[in-house]
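Have a look at this one.
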Amino acid sequence: MFGIYTRTLAKYPVWTQAFTTGVLFGTGDIIAQFLIESKPSKGKDAAVPVTGSWDVARTGRMAIFGAGFAGPVLHHWYKFLDRKIQLSTPFRSLLGRVAVDQLCFAPCFIASFFVGQGFLAGANKQTIQARLEKGYPGALKSNYMVWPAVQLLNFWCVPLQHRLMVVNTFALGWNTYLSHVNQTSRSIEKPVETVV
């Protein structure tokens, strides 16, 4: 299986990484819906989420964001970091890449996630802003508790062409978390009042 992935990656790097990122973003949402947000019920329907059904559109939005934005952007981002962050020693280059990734890219990427999910859901500007205000600070804080260590190991041990797959594999849990945060940030939405 890994051999097929590696050959496909060599032939179609952006498409392969976009596809795998989309699949893993969608999978993270399914995990969020059925394992995080569902509560066990009594009786014959114990595995059914509290909402009563799978929100396929929500999973689709996550997969579209992963394949259409996250995969291609991250593919090019990792190439950029590898080419442009070349300091006096390999260790300094490593620390520079992690610093630039976490201080410049991560805050923008997380904001893009909330905006992208709002846009794909057809939310208006005020709703997207409210979701950002509620979900973004906690997501960024959680990012800094997890991703610097992951990226340090990723940039140090993993060849460039496989970095996104390593991140995607680890990000299955992260995408589950982001999907859940995005969903719970919807709880503050209020209908927009119109003045007549």
Side-chain angles (χ1 to χ4, degrees), residues 1 5 8-9 12-39 47-78 101-102 105-147 150-151 154 162-189:
M1 181 85 158
Y5 173 78
T8 307
L9 180 63
Y12 308 104
V14 176
W15 289 107
T16 303
Q17 291 181 334
F19 176 77
T20 55
T21 303
V23 167
L24 290 170
F25 263 74
T27 303
D29 178 70
I30 291 169
I31 292 169
Q33 287 190 50
F34 286 93
L35 297 180
I36 307 296
E37 296 162 13
S38 67
K39 293 188 171 124
V48 176
V50 170
T51 59
S53 64
W54 173 28
D55 185 346
V56 177
R58 174 179 149 184
T59 301
R61 288 190 297 271
M62 286 289 288
I64 288 168
F65 180 83
F69 181 79
V73 167
L74 288 166
H75 167 82
H76 292 295
W77 175 247
Y78 291 143
D101 182 64
Q102 291 301 300
F105 184 77
C108 297
F109 184 81
I110 293 169
S112 298
F113 171 80
F114 285 103
V115 172
Q117 290 300 301
F119 175 77
L120 290 170
N124 63 29
K125 183 179 176 182
Q126 294 83 6
T127 301
I128 293 171
Q129 182 65 37
R131 288 184 196 169
L132 272 170
E133 288 172 4
K134 181 170 184 189
Y136 180 81
L140 187 62
K141 181 179 177 185
S142 295
N143 171 82
Y144 288 138
M145 293 170 22
V146 173
W147 284 102
V150 171
Q151 292 294 51
N154 191 30
H162 295 297
R163 287 181 187 156
L164 183 53
M165 186 53 156
V166 168
V167 165
N168 279 339
T169 302
F170 188 83
L172 186 57
W174 179 250
N175 296 337
T176 300
Y177 166 77
L178 279 180
S179 178
H180 177 67
V181 169
N182 185 55
Q183 186 63 23
T184 57
S185 70
R186 300 177 116 207
S187 65
I188 63 161
E189 294 175 13

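Note that this is a predicted model, so its numbers are computed, not measured. Nothing fancy with the numbering, it's 1 onward along the sequence.
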From E133 atom CD to I128 atom CD1, the distance as rounded to the nearest 0.5 Å: 12.5 Å
Show me the donor-acceptor pairs within less than 3.5 Å that the side chains of residues 63-73 make with the rest of the protein, sequence neighbours left out.
none

Non-neighbouring partners of Y136 that pass side-chain hydrogen bond (donor to acceptor under 3.5 Å, both in side chains), sequence neighbours left out: none
CD1-CG distance between I36 and D29, expressed to the nearest 0.5 angstrom: 11.5 Å
Identified side-chain hydrogen bond (donor to acceptor under 3.5 Å, both in side chains) partner of Q33 from the options T176, D55, T59: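 For Q33, the side-chain hydrogen bond (donor to acceptor under 3.5 Å, both in side chains) check succeeds only for T59.
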Closest non-hydrogen atom pair between T20 and N168, with its separation: OG1-ND2, 3.8 Å
Parallel, tilted or perpendicular: rings of H162 and Y5 (30°, 60°):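 Taking H162 first and then Y5, their aromatic rings sit tilted (interplane angle of 30° to 60°).
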F105, CZ atom: more than 12 neighbouring heavy atoms under 6.0 Å: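 Check passes, neighbour count above 12.
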For W77, side-chain hydrogen bond (donor to acceptor under 3.5 Å, both in side chains) partners two or more places apart: D101
Residues forming a side-chain hydrogen bond (donor to acceptor under 3.5 Å, both in side chains) with N143, sequence neighbours excluded: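 side-chain hydrogen bond (donor to acceptor under 3.5 Å, both in side chains) list for N143, sorted by chain: Q102.
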Under the ring pair (Phe, Tyr, Trp, His ring centres under 6.0 Å) test, residues paired with H76 that sit two or more places apart: none
Show which side-chain atoms of residues 110-120 pair as donor or acceptor with protein atoms under 3.5 Å away, not counting sequence neighbours.
| from | atom 1 | to | atom 2 | distance (Å) |
| --- | --- | --- | --- | --- |
| S112 | OG | C108 | O | 2.8 |
| Q117 | NE2 | R61 | O | 3.3 |

Spatial distance of atom CD1 (I31) from atom CG (L172) [nearest 0.5 Å]: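 So the CD1 of I31 and the CG of L172 are separated by 4.0 Å.
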Nearest non-hydrogen partners of F25 and M62, listed with the distance: CB-O, 3.3 Å
Least distance between heavy atoms, R58 atom then H180 atom: NH2-N, 4.3 Å
Residue pair W15 / T8, side-chain heavy-atom distance below 4.5 Å: no
Any donor-acceptor N or O pair under 3.5 Å, side chains S179, N182: no
Passing candidate, side-chain hydrogen bond (donor to acceptor under 3.5 Å, both in side chains) with S142, options W174, W147, Y177: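 Answer to the side-chain hydrogen bond (donor to acceptor under 3.5 Å, both in side chains) test with S142 among W174, W147, Y177: Y177.
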